[in-house]
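Computed from a predicted structure; not experimentally measured. Naming convention: chains lettered A, B, ... in sequence-line order (proteins, then strands); numbering from 1 in each chain.
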Amino acid sequence: MSEGIGVFGIFFAAIFTSNILLTLYLGMCSFLAVSRKVKTAIGLGFAVIFVMTATSALNWLVYYYLIKPYNLDYLKYIVFIIIIAAFVQLVEMIIERVSEPLYIALGIFLPLITVNCAILGVSLFMIIRNYTFSQSISYGLGSGVGWLIAIVAMAGIREKLAHARVPKGLEGAGITLIIAGIMAMAFMGFTGMMGLS
Amino acid sequence: MNKKIKKITLSNLISENPVFVQILGICSTLAVTNVLKNTVVMSIGLVFVTALSNLTISMLRKWIPTRIRMMVTVLIIASYVILVDMILKAYLPEVSRQLGPYVGLIITNCIIMGRAEAFALNNKPLLSFVDGISSGIGYSYVLLIIAFFRELMGSGTIWGIDVIGSWWVNWSIMVMAPGGFFMLAIFIWIVKGVIIKDPEELKKI
């Protein structure tokens with residue numbers, strides 16, 4: 001299938017038709033926890049885009065030049081997660097320098113990018129689908145942008161929702177999941193355009 | 001000691017349940033809940049990894065430097081996940097193929113990391129082991145309930161066996177992504193609206 005659609009096709013499919021959050025449920029933890037304010041959501045979203053693109057490129061290189069030739073396929077999980085963890089550390093240091101308020105706002109969620117399933121998920125999907133290097137980068141970037149769109153849209157809705165009366169028992173996570181479900185249905189409307197297997 | 005074990009188990013299963021109280025770790029596993037069989041396999045793998053990584057981390061807790069503890073924890077978890085992956089590939093190749101990357105994604109399941117951070121690093125090995133098993137089970141039974149209804153309504157089957165009959169029109173939305181979100185939301189709604197009514201419990205989320 002990787003022959004069929006080009007780099008741009010993968011980019012747009014990763015944002016809309018195969019949105020990593022709304023169709024694959026990856027990255028839910030931080031999605032539910034950090035989607036209360038639009039500003040923090042944007043910050044985390046951009047951090048995710050950066051880490052996702054960079055790690056998918058790095059992991060592709062490591063996988064095809066180190067792991068594959070030496071037949072160490074079973075080690076890929078460990079190698080991928082180490083690369084991701086190191087990268088997150090880097091992003092954390094950069095954000096700490098550049099924007100103090102953002103650093104305080106994101107707080108404990110920055111280290112949690114390491115365990116953000118979406119980042120590892122992108123690396124694993126690109127291996128399973130046999131993407132080329134450029135396809136992997138566009139898939140990483142597209143997934144990151146898709147994640148940002150989803151979390152920012154959710155944060156916008158939740159800001160309005162703070163003033164609404166939600167049925168008892170549905171406050172917090174419950175209503176967020178229902179909104180996510182409706183968003184996922186909306187994104188399913190794009191399915192006809194193109195698809196990723 | 002026994003009392004403590006009982007207390008930990010109960011709180012992990014109900015009052016501190018990872019899914020509907022702490023809302024942790026829904027990421028990697030919700031995706032496989034459209035088929036009951038895959039969910040069972042995935043849950044067993046998850047309980048195994050949670051229990052053993054908690055045990056290992058707890059045994060090593062005095063030697064793990066605090067600065068790099070995240071790294072160490074992730075590595076320990078990843079090694080157990082590799083084990084699970086290999087076992088699945090060897091004995092259940094078909095299920096392993098269907099699960100695809102989701103087995104590997106157990107590594108990033110927030111529950112395992114969360115239990116390691118919150119419990120295993122400060123408690124004795126036996127207690128941590130019990131904590132790992134019970135939070136794994138507390139997580140799995142919620143997923144199994146969700147998977148049961150998703151498969152039943154989405155494909156009219158349970159464990160691949162047709163149970164409803166031909167009059168039932170499959171709700172294909174149930175096997176697709178939105179179905180998972182809706183089912184989990186409804187589950188949380190029922191649990192928090194009917195079973196746990198204590199407002200203190202609700203405030204924590």
Side-chain angles (χ1 to χ4, degrees), chain A residues 18-19 21-33 74-82 84-86 88-89 111-112 114-129 167-188 191, chain B residues 19-33 70-71 74-75 77-79 81-82 85-86 89 100-114 173 176-197 199 202-205:
Chain A
S18 308
N19 188 292
L21 182 79
L22 296 172
T23 62
L24 300 169
Y25 307 105
L26 297 179
M28 285 292 294
C29 298
S30 15
F31 176 70
L32 292 174
Y74 60 91
L75 275 183
K76 65 173 185 273
Y77 298 139
I78 284 199
V79 174
F80 285 179
I81 201 79
I82 290 176
I84 291 168
V88 170
Q89 201 88 59
L112 277 182
T114 313
V115 285
N116 187 328
C117 343
I119 310 234
L120 183 64
V122 163
S123 291
L124 293 177
F125 273 115
M126 101 201 161
I127 298 295
I128 285 184
R129 291 174 182 164
K168 195 175 178 316
L170 211 54
E171 303 98 334
I175 194 75
T176 314
L177 284 166
I178 288 186
I179 297 167
I182 297 170
M183 274 164 67
M185 275 166 78
F187 272 69
M188 267 168 61
T191 314
Chain B
V19 181
F20 54 79
V21 181
Q22 302 178 35
I23 325 284
L24 273 183
I26 343 181
C27 1
S28 53
T29 333
L30 197 60
V32 298
T33 52
M70 286 275 278
M71 209 69 176
V74 167
L75 285 184
I77 296 167
S79 348
V81 171
I82 289 176
D85 189 44
M86 284 172 150
K89 273 200 181 115
Y102 289 106
V103 179
L105 285 171
I106 295 181
I107 300 175
T108 52
N109 191 311
C110 330
I111 286 182
I112 307 182
M113 199 67 190
I173 194 90
M176 288 192 270
F181 287 115
F182 290 139
M183 275 310 295
L184 186 61
I186 293 168
F187 187 88
I188 293 175
W189 192 5
I190 292 173
V191 168
K192 290 211 292 190
V194 182
I195 301 165
I196 306 175
K197 279 188 174 158
L202 294 172
K203 263 181 206 158
K204 272 190 261 170
I205 294 132

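The contact between A:Ile82 and chain B is made by backbone and side chain atoms together, counting heavy-atom distances below 4.5 Å. Heavy atoms of A:Ile178 lying under 4.5 Å from chain B belong to its backbone as well as its side chain. In this structure, the portion of A:Met188 lying under 4.5 Å from any heavy atom of chain B is its side chain and not its backbone. At a 4.5 Å heavy-atom cutoff, the contact between A:Leu24 and chain B is made by backbone and side-chain atoms alike. When heavy atoms are compared at a cutoff of 4.5 Å, A:Ile179 does not approach chain B at all.
Counting only heavy atoms from C-beta outward, the side chains of A:Met185 and B:Phe181 never approach each other to under 4.5 Å. A 4.5 Å side-chain heavy-atom check between A:Phe125 and A:Leu26 finds at least one atom pair inside the cut-off. Looking only at side-chain heavy atoms (C-beta outward), B:Trp189 and A:Ile175 stay at 4.5 Å or farther from each other.
Partners of A:Phe187 according to the ring-ring contact (aromatic ring centres under 6.0 Å, His included) rule, which considers only residues two or more places apart in sequence or in another chain, are A:Phe190.
Note: B:Leu184 leads B:Ile186, B:Leu184, B:Val81, B:Ile77 in heavy-atom pairs under 4.5 Å with chain A. Residue with the most contacts toward chain A among B:Gly179, B:Gly104, B:Ser79, B:Gly100: B:Gly104 (heavy-atom pairs, distance under 4.5 Å).
Atom-to-atom distance recorded for A:Tyr74:OH and B:Lys89:NZ is 12.5 Å, nearest 0.5 angstrom. Going from atom CD1 of A:Ile119 over to atom CD1 of A:Ile81 covers 9.5 Å, rounded to the nearest 0.5 Å.
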